[in-house]
Amino acid sequence: MPELPEVETLTRKLRKTVIGKRVSGIWLSGFPLRSPVCGTMASKLRNRTVCRILRRGKYLVFELGPKAFWLVHLGMSGRLLYHSGRFRRNRHTHAVIRFSDTTRLEYRDPRRFGLLASYEVMRPDQIPEIRSLGKDPLSPGFNVLWLQPVLQNCRQEVKSFLLDQQKIAGLGNIYACEALFLAGIHPKRRCFNLDSKEILALVGAVRGVLRRAIRHQGTSFSDFIDLEGKPGRNQNYLKVFRRESEACLRCGNPIQRIRQGNRSTFFCSECQK
DNA sequence: GCATTACCCTGAAAGC
DNA sequence: TGCTTTCAGGGTAATG
């Protein structure tokens, strides 16, 4: 399940691999993903050169010259794989970008929750999906000064707040659970009830879990692998996520699991108040 | 207007 | 062993 650290890991590897390459052709499966993939995408991007690759929240944005952007979201199970030799498409391959040097970039997505789209806009922030995103938690603007008034006006449970991409862009279930544990905040606490000390702890915890995960090249349970097919290592460092009934690494009490908004939440009822 | 819920999808795991 | 059911979760439309 690619969240910010996994997409950031991919972005960094893609920059080293495909920047400067010219697209000579695009193959599309024709299957719909989160929404249908527009067939004109291939003609819009053909003969263009990848000049910049950005990450915004969990989105990858490829800039291919003036007024040509390729937007990629990996959803739950999406993968981007780089091939310098021969490879076989499988039933979950939904796009293959062929470069003029014969290397290829393959998009696979078994559950088809991802998104592929092209946009003719001047800047990435004119792409609707990007425009609606909230604050990037690794940006300087993600701080107590910004977060405190936002939380004060919000009645949501803090875990649901952290998953809301229109508020904070890039956190998913794994890192929301981990950040709340690190900050010592119960996931069902209402946002407006958090005090300034807790908000300060939350800002630090969110940044901390994301930076650590990027250092470990992302978290891999079953889905995430990088450009060369290698898994991340951060699953070995998680404190609560998918550790139901196991001992809390801080106090020894069993980790609990509850359902919140159709998602599993893992937490320690002793350490998180 | 805001918060919550249901739905899309397929592979893996659990249950029978 | 093999079939059926359940679960996982990101984003969004529908509902409360």
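Source: prediction; values computed, not measured. Side chains included, hydrogens not; waters and symmetry mates left out as well; all remaining heavy atoms used.
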Discussion item. Among C:dG10, C:dT12, B:dA3, which nucleotide has an atom closest to any side-chain atom of A:R190?
Written reply: B:dA3

Practice prompt. Using the ring of A:F31 (Phe, Tyr or Trp, six-membered ring only), decide whether A:R91 places NZ or CZ under 6.0 Å from its centre and within 45 degrees of its axis.
Written response: no

Practice prompt. Measure the shortest side-chain to side-chain distance between A:I19 and A:L14 over non-hydrogen atoms and say whether it is less than 4.5 angstrom.
Written response: no

Discussion item. Under 4.0 Å, counting only non-hydrogen atoms across every strand here, what does A:N173 touch: a base, just sugar-phosphate, or nothing?
Written reply: sugar-phosphate

Practice prompt. Measure the distance from CD on A:Q166 to P on C:dG10 and round it to the nearest whole Å.
Written response: 16 Å

Worksheet entry | For atom CG of A:L4 and atom C1' of C:dG9, their distance in whole Å | 17 Å

Discussion item. Using the side-chain heavy atoms of A:C154, tell me which of these nucleotides is nearest: B:dG11, C:dG11, B:dA3.
Written reply: B:dA3

Worksheet item: Between A:R112 and A:G261, which is nearer to the 5' end of DNA chain B once each is assigned its nearest nucleotide?
Response: A:G261

Worksheet item: Is atom NZ of A:K16 surrounded by more than 12 heavy atoms (other residues, nucleotides or ligands) closer than 6.0 Å?
Response: no

Worksheet item: CE of A:M76 versus P of C:dC7: gap in Å, rounded?
Response: 15 Å

Worksheet item: Are OP1 or OP2 of B:dT4 and a side-chain N or O of A:R259 less than 4.0 angstrom apart?
Response: no

Worksheet item: A:E6 and A:T219: which non-hydrogen atoms are nearest, and at how many Å?
Response: OE2-N, 2.7 Å

Discussion item. What contact category does A:S160 fall into here, base, sugar-phosphate, or nothing, at under 4.0 angstrom with non-hydrogen atoms?
Written reply: nothing

Worksheet item: B:dG11 phosphate, OP1 or OP2: any side-chain N/O from A:H92 under 4.0 angstrom?
Response: yes

Discussion item. Has A:H73 got a side-chain atom pairing as donor or acceptor with A:G75's backbone, closer than 3.5 angstrom?
Written reply: yes

Worksheet entry | Proximal nucleotide (of B:dT10, C:dG9, B:dA3) relative to the A:P110 side chain | B:dT10

Worksheet item: To the nearest angstrom, how far is A:D109 atom CG from C:dG9 atom P?
Response: 16 Å

Worksheet item: Roughly how many Å is it from CD in A:E129 to P in C:dG11, rounded to a whole number?
Response: 11 Å

Worksheet item: For the pair made of CG in A:L115 and P in B:dC8, what is the distance, rounded to whole Å?
Response: 19 Å

Item to complete: Take atom CZ of A:R79 and atom P of C:dG10, then tell me their distance rounded to the nearest Å.
Response: 16 Å

Worksheet, complete the sentence: Against the side chain of A:K167, the closest entry in B:dG11, B:dA3, C:dG9 is B:dA3

Discussion item. Check this for me: does the side-chain of A:R34 come within 3.5 Å of the base of C:dG10 through a donor and an acceptor?
Written reply: no

Worksheet item: Is there a side-chain polar atom (N or O) of A:H73 under 4.0 Å from OP1 or OP2 of C:dG10?
Response: no

Discussion item. Between A:D136 and A:R55, is there a side-chain heavy-atom distance shorter than 4.5 Å?
Written reply: yes

Worksheet item: 5'-most contact on DNA chain B: A:N262 or A:F113, nearest heavy atom basis?
Response: A:N262

Practice prompt. Rounded off to whole Å, could you give me the CD-to-C1' distance for the A:E157 and B:dA3 pair?
Written response: 10 Å

Worksheet item: Between A:S264 and A:S132, which is nearer to the 5' end of DNA chain C once each is assigned its nearest nucleotide?
Response: A:S264

